[in-house]
Amino acid sequence: MNQILKNHIQKTIDLSEIEMEKACSFFSEEHFKKREMIINENDQVNHVYFIVSGLLKLFYTDNEAKEHIISFSMEDWWESDYAAFYTQTKATQSLQCLEDTIVLKLSLEGYYQLLNDVPKMTDFFLKKAVGGHISSQRRILSLMTMNAKERYEQFIKFYPSLIQRIPKTVLALYLGVSRETLSRLESK
């Protein structure tokens, strides 16, 4: 598992072997089953997760028990309820496995110690945060300015490998359309 994390880090920054070993020492492995919850709303969020294998969905449940999918995360991506993690407040979002999943998790204390012990990791996490911010803005704009067909086409363009892995009802929720509308979009 550490080799997967090492390869991921090396794509963004260069670390010496000593720095890399030190960085990897802050992570621990955890396995989850399909449909298992990693974070539930109102949980204390103690970790950020690097996905080694599997697929996750991050979602919010409103007062009427309607689910709103914020994002999907697959191999080589990071996920958490970041607001709750960094501010050490209760989760407002939930994180669930759509497939059996293996993660490497990093605690907040470990995160700050890692940045102290391996300062180059600050640049790594900054680049990851910027990439996540750009993706979030793209998603917000698509919901505000695009019709269902355009959102579907954009999803396929940016995440072609996910289209076969996400159940159709879940993808329809993400796109903000009914399952029937999604079927029509797929057939066009």
Side-chain angles (χ1 to χ4, degrees), residues 8 11-12 32 34-43 45 47-87 89-99 101 103-106 108 111 123-188:
H8 177 74
K11 286 184 224 173
T12 305
F32 297 94
K34 182 177 181 176
R35 289 186 275 288
E36 191 172 352
M37 299 299 290
I38 297 177
I39 299 171
N40 285 293
E41 185 180 346
N42 294 316
D43 281 355
V45 179
H47 298 93
V48 62
Y49 302 93
F50 171 71
I51 296 100
V52 174
S53 66
L55 181 62
L56 306 173
K57 72 172 178 177
L58 183 68
F59 64 96
Y60 170 78
T61 306
D62 68 21
N63 292 336
E64 296 170 5
K66 184 177 178 189
E67 185 177 296
H68 303 273
I69 299 176
I70 299 160
S71 62
F72 298 108
S73 304
M74 63 180 178
E75 296 83 5
D76 216 32
W77 292 10
W78 294 81
E79 195 60 89
S80 190
D81 179 333
Y82 287 106
F85 174 71
Y86 285 112
T87 62
T89 55
K90 300 287 184 187
T92 59
Q93 302 165 58
S94 300
L95 185 61
Q96 184 179 34
C97 300
L98 295 176
E99 299 173 351
T101 300
V103 298
L104 293 174
K105 62 184 183 178
L106 176 65
L108 187 61
Y111 169 78
D123 189 43
F124 172 81
F125 284 114
L126 176 61
K127 288 177 179 176
K128 292 297 168 186
V130 168
H133 187 67
I134 290 167
S135 293
S136 293
Q137 286 184 339
R138 183 184 311 119
R139 171 124 166 89
I140 291 166
L141 284 172
S142 75
L143 290 169
M144 292 170 58
T145 64
M146 294 180 177
N147 62 39
K149 183 178 189 312
E150 292 168 330
R151 288 193 305 275
Y152 177 70
E153 289 169 350
Q154 183 183 55
F155 185 85
I156 291 171
K157 176 183 173 186
F158 286 111
Y159 311 110
S161 63
L162 287 181
I163 203 74
Q164 298 303 318
R165 294 174 68 182
I166 298 172
K168 300 303 180 198
T169 53
V170 174
L171 181 56
L173 275 174
Y174 176 81
L175 294 171
V177 299
S178 68
R179 176 66 180 89
E180 295 75 22
T181 299
L182 178 60
S183 292
R184 284 193 298 276
L185 293 172
E186 291 176 324
S187 66
K188 291 181 181 181

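- Between the side chain of Glu75 and the main chain of Gly54, a donor-acceptor pair closer than 3.5 Å is present.
- Lys90 and Glu41 are not joined by a salt bridge, as no carboxylate oxygen comes within less than 4.0 angstrom of a charged side-chain nitrogen.
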Test Met74 against Ile51 for side-chain contact (heavy atoms from CB on, under 4.5 Å), laying out the working first.
CA-CA 6 Å; Met74 63 180 178; Ile51 296 100; 5.6 Å; no

Between Glu79 and Ser71, is the side chain to side chain donor-acceptor pair (under 3.5 Å) condition met? List the steps.
CA-CA 9 Å; Glu79 195 60 89; Ser71 62; 3.0 Å; yes

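- Nearest heavy-atom pair, Ala91 versus Val45, reported as atom, atom and distance to 0.1 Å: CB-CG2, 3.6 Å.
- Here the OG-CG distance, from Ser178 to Leu173, works out to 10.5 Å after rounding to the nearest 0.5 Å.
- Atom CG of Leu56 and atom OG1 of Thr101 lie 4.5 Å apart (nearest 0.5 Å).
- For Val52 against Leu104, the heavy-atom pair with the smallest separation is CG2-CG, 3.7 Å.
- Residues Ser94 and Met37 meet the side-chain proximity criterion, which asks for heavy atoms closer than 4.5 Å.
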Pair Leu143-Arg151, side-chain contact (heavy atoms from CB on, under 4.5 Å): steps then yes or no
CA-CA 7 Å; Leu143 290 169; Arg151 288 193 305 275; 3.9 Å; yes

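- Taking the ring axis of Phe59 as reference, the NZ or CZ atom of Lys57 stays within 45° of it and closer than 6.0 Å to the ring centre.
- Around atom NZ of Lys168, more than 12 heavy atoms belonging to other residues, nucleotides or ligands sit under 6.0 Å away.
- Between Ser136 and Arg139, the side chains place no donor N or O within less than 3.5 Å of an acceptor N or O (distance only, hydrogens not considered).
- Between Glu153 and Lys149 there is a salt bridge, since a side-chain N of the basic residue sits under 4.0 Å from a carboxylate O of the acidic one.
- Nearest heavy-atom pair, Leu185 versus Ala148, reported as atom, atom and distance to 0.1 Å: CD1-O, 3.8 Å.
- To the nearest 0.5 Å, atom CD1 of residue Ile38 and atom SG of residue Cys97 are 4.0 Å apart.
- Between Leu182 and Leu175, the closest heavy-atom pair is CD1-CD1, 3.9 Å.
- Within the model, atoms OG1 of Thr12 and CZ of Phe124 stand 5.0 Å from one another, a figure rounded to the nearest 0.5 Å.
- Judged by a 6.0 Å distance limit and a 45° cone about the ring axis, Arg165 is not positioned over the six-membered ring of Tyr159.
- You'll find the side chain of Tyr174 stays beyond 4.5 Å of the side chain of His68, heavy atoms only.
- Side-chain polar atoms of Arg179 and Ser183 form a donor-acceptor pair below 3.5 angstrom.
- Atoms CD1 and OG1, on Ile39 and Thr92 in that order, are 10.0 Å from each other to the nearest 0.5 Å.
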Let's go through Leu162 and Leu55 carefully: what are the C-alpha distance in whole Å and the side-chain angles of both, what is the deciding distance for side-chain contact (heavy atoms from CB on, under 4.5 Å) to 0.1 Å, and is it a yes or a no?
CA-CA 9 Å; Leu162 287 181; Leu55 181 62; 3.5 Å; yes

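- Aromatic ring centres of Phe125 and Trp78: separated by under 6.0 Å.
- At a threshold of 4.5 Å between non-hydrogen side-chain atoms, the residues Asp81 and Leu95 do not count as touching.
- Put simply, the side chain of Gln137 never gets that close to the backbone of Ile134: no donor and acceptor are under 3.5 Å apart.
- Here the shortest heavy-atom pairing between Ile163 and Tyr152 reads CD1-CE1, 4.0 Å.
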Can you list the steps and then say if Phe155 with Phe72 is a side-chain contact (heavy atoms from CB on, under 4.5 Å)?
CA-CA 11 Å; Phe155 185 85; Phe72 298 108; 4.1 Å; yes

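- Ring pair His8/Phe50 is tilted by interplanar angle, where 30° to 60° counts as tilted.
- Between the OG atom in Ser135 and the CZ atom in Phe158 there is a gap of 8.0 Å [rounded to 0.5 Å].
- Counting only distance, with no hydrogens or angles, the side chain of Thr87 and the backbone of Ala83 share a donor-acceptor pair below 3.5 Å.
- In this structure, Gln96 contributes its side chain and Arg35 its backbone to a donor-acceptor pair below 3.5 Å.
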